[in-house]
Structure formats: C-alpha cells, structure tokens
Amino acid sequence: MIRVQREDFDPGAEIAALTAGRHDIGGVVSFVGLVRDRVEGGRVGAMTLEHYPGMTEKQLAEIDAEANRRWPLAASLIVHRYGRLEPGDRIVLVVTASPHRDAAFDACRFLIDWLKTKAPFWKLEETAAGGQWVEARDSDDRAARQWESAAGKPDAAE
Amino acid sequence: MIRVQREDFDPGAEIAALTAGRHDIGGVVSFVGLVRDRVEGGRVGAMTLEHYPGMTEKQLAEIDAEANRRWPLAASLIVHRYGRLEPGDRIVLVVTASPHRDAAFDACRFLIDWLKTKAPFWKLEETAAGGQWVEARDSDDRAARQWESAAGKPDAAE
Amino acid sequence: MKVLYFAWLRTHIGHGEDRIDLPAGINDVRGLVEHLRAKGPGYARALTDLATVRVAVNHEYVGFDHELKPGDEVAFFPPVTGG
Amino acid sequence: MKVLYFAWLRTHIGHGEDRIDLPAGINDVRGLVEHLRAKGPGYARALTDLATVRVAVNHEYVGFDHELKPGDEVAFFPPVTGG
C-alpha cells in the first residue's frame, strides 16, 4: 500500500492497522525519516517538498510491488509527505511485515533506498541565503544500486 | 535505554518519545516482534515467556551499550515483555535513531539478532499436547554470529 | 503535448508547464530538448547539462532517445531528493 | 550459594532455586554440576547433556570451567528463545 499526503502520520497507528487481526506476522520493521536541522556544513530551517502528482504514486506503487515480488511479505506500506516541513517533522514512513524478521528488514531497507532515487520528490531548503534546492547524494545512488541484482539480497547478509 | 515489563507497549508512542524535540535525527528504525499462531509444522495458542529477572536487564543493557559503541546512535530503546502472550500480541520492541539511516538499520538488526541469543527469555508454548518449551533456532545463532566481528557491519553492506 | 518542469528546472524556466505541438521532424526527447532550448535563456539554462536532468514520459523514467507520440506527458526534473 | 534453574531445567528438577553450601573440593561450575547430578534423577536428567545447558554466574555467561566463589549466584538454563 502507498499514500502521498500533506498531513502528518502516526507510525504506531499505521503499524497497528497493518498488523491488526493478523496472527501470521512474526516481525514488523518500520523506518521513519525526519527533517534534520543541519545538513553537510550548515543549518537549515524549514523545507518544502515538491513532488510530481501522478508519477509519485505510480513510482511508489511499482517499488512496493517490487519489494513484494522479492520478499515474502505479509504486508507493506509507504507513506510520503509533501509540502512545507520543519526540523523534527516526519517526512516518510516505510513499514514491512513478514513471518520472519530477515525479510522484513531487507524489504524495508530496499524500499527506502529505492524510493530515495526513484520517487519524484525534491527538497527546497529555507536557508539564510534563501531557498536552495537540495542536491542528490552519491551515497543514496550507491545504496540503491546494491539492490539492482534481481535477487532479494544485495550481498552476503544471509 | 531498556525496559522489561509484563504490560504491552505502544510502538508509536515509544518512537515519538525517543525522538521528541530532537532535530538531529534523520532516521528511526523500529522492529516489533509479534506472537505467531504457527511455528514450524504446527499451530500454537498462547505462550508464556519466562525470564531471569536481574540478568535480563543486565544483558539487555550490555547489548544496548554495545550497539551504541558500534554505531553513532542518537537514541536507542529495547522493550521486552514477559508473561502470558497470545497470537498477535507484541513481544519485543527495538528502536534506533541516528542522523543517517544506515546506522539506524544496522544497529536495530544487530540488537534484535543479539538479543535473541543473549537475553535470558524462554518461550513455553501452549499446544494441544500441553506446554512445550521452544527450542533455540540455528538460524538465530547464525544471525547473531555475523555480528561477532568488532566492526559495525557484518559484511559488505556499505 | 504537455511538458512539465520541476524543482530548479521550473525555477530557471519560470513556470511549471507548457503545452506544445510537437514540431514536424521532432520525434524523440532529445529533439524536444533542442526545441525547448531555443525558446529562451531560461530554457537554455535549465537544459544545458543533461547529465543532471531526468526525463519521464507518462510517469515512467525514459532515456533521451525515447520516441515521443502526440499526447505524451513529458517531464524534466533534477535527480530526486525525497525520503 | 544461590543456584537457579530456568525453563525445562526447572521443569525437570521440579523447583527453580536451591541454596547450597559449596562442598569442600568443588571450585568450578563443572564440579557444581557433578554435585547437583547426585542429588536425584530430576537433577541428573536436567544436567545430562551439557551441550544444551547455558550457565551464568552473577548474571554473566560463563563456561563450565568458571571458578566459583561463596556467595555467587549460579544459573542453569537452556539456550534462550526470546525476542
């Protein structure tokens, strides 16, 4: 499941809803991304997250489907916000549930890594010098590339 | 931080409390372990989780300290329940927060892997044939062993 | 044909959307880029360094050699920075 | 000396705790195990296969060669299955 929204979300409520009434889930892994007040070398105030309505939903749904192809998930959820966000605010939530924890951990990490390089969002930071578009990070590209092999896991983590 | 308790916990409230007022956290990873109604080859009803009061707290605190030595965490939390639990109930919560998501993911997985082989808890499952002590799983031993090297990461996941 | 611009490409161009009739002889993204560059300095600046520009057609990532059809929705934007 | 048993070791022995004065000549965990085995069939059964038994002294994991001191809290239990 995926959702793109301006409003905040409640990670605990989302986790509870995803697992409610299910007795076949052994582990639930969640990732919450938050706005930091400093990035490489400077402090930032708020930011505005722009996105491409339509393409965002399509890309997130494809990433979610890919995770479900690669791992035996009982449930998965991506929630991504857009609009103006302040330091400490939640940006993104990824939740994966599986009978065994390995699949839940791997799938959750895959989803956030892929989302970071595929979902059409752009951060405009409010700095003392005015608005500044955040540049994509090489480390995010590297993180995403390690999942490019067709198999579930990127390396010998088994 | 660690807690051992009979009562249930609220993952969302724990995540929120751990990150409240912090603007230096970029990612929060959580793992929630749940009671499944089936294990290798059979259905189970409720279970009772026995533990060793005193040693449990000491071992969890040591594992938590080790994670904080290995990774630059902004915050970490382990909550483990004991007593009678039914299918679908929460057993354990691990939360890790860090400026960058890699450290939070690795530390969370390390904590649950190590906890599973070091924290003195034992599961007594209620089956049709009566109470049955759950046997330790080889896969848990393997998962824990991959973290035995002194360095943070078990393999080439960078 | 709808052409969309996001993030700093939109800032340089000054607006986020154009309606364009594909001129005769243009049949791929690269051709459209050259057509747009000629529309003014903002376009030229936004589309100078294609190494930093991503393209989507009908919500899917494509390369600059992707063939265009009338009615396609084409979007130009920088590498994404969400999550 | 306090000696504790958990999970199926406790079930076999029939209770979870003994107070024991360390007999002369016993100075490590292995010696204590032999002393306990002689206390009855429940003890003998619980402590038959030491490959499935873990030992903690004062809340820390130790090996069977670990030296014991008066006042130590010793615990015997199976491999853990929490989480």
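Predicted model only: the values in this text are computed from it and were never measured. Just the heavy atoms: all of them, side chains too, but no hydrogens, waters or symmetry mates, feed the values below.
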Under a 4.5 Å heavy-atom criterion, the part of residues 59-83 of chain D in contact with chain B comprises D:H59, D:E60, D:Y61, D:E73, D:A75, D:F77, D:P78, D:P79, D:V80, D:T81, D:G82, D:G83
Is there side-chain contact between D:R10 and B:W133, with at least one heavy-atom pair below 4.5 Å? yes
Contact origin within B:E135 toward chain D - heavy atom pairs under 4.5 Å: backbone
Within residues 42-50 of chain D, the residues sitting under 4.5 Å from chain B by heavy atom, in sequence order, are none
Interchain contact, D:T52 with chain B, by part (heavy-atom threshold 4.5 Å): neither
Tell me which of these, B:P120, B:G131, B:G33, has more heavy-atom pairs under 4.5 Å with chain D than the rest. B:P120
Given heavy-atom pairs under 4.5 angstrom as the criterion, report whether the side chain, backbone, both or neither of B:K58 touches chain D. side chain
Taking side chain as everything from C-beta outward and backbone as N, CA, C, O, which of these in B:I91 sits under 4.5 Å from a heavy atom of chain D? Side chain, backbone, both or neither. side chain
If you take all heavy atoms of B:E50 and D:A7, which pair is closest and at what distance? OE2-N, 3.1 Å
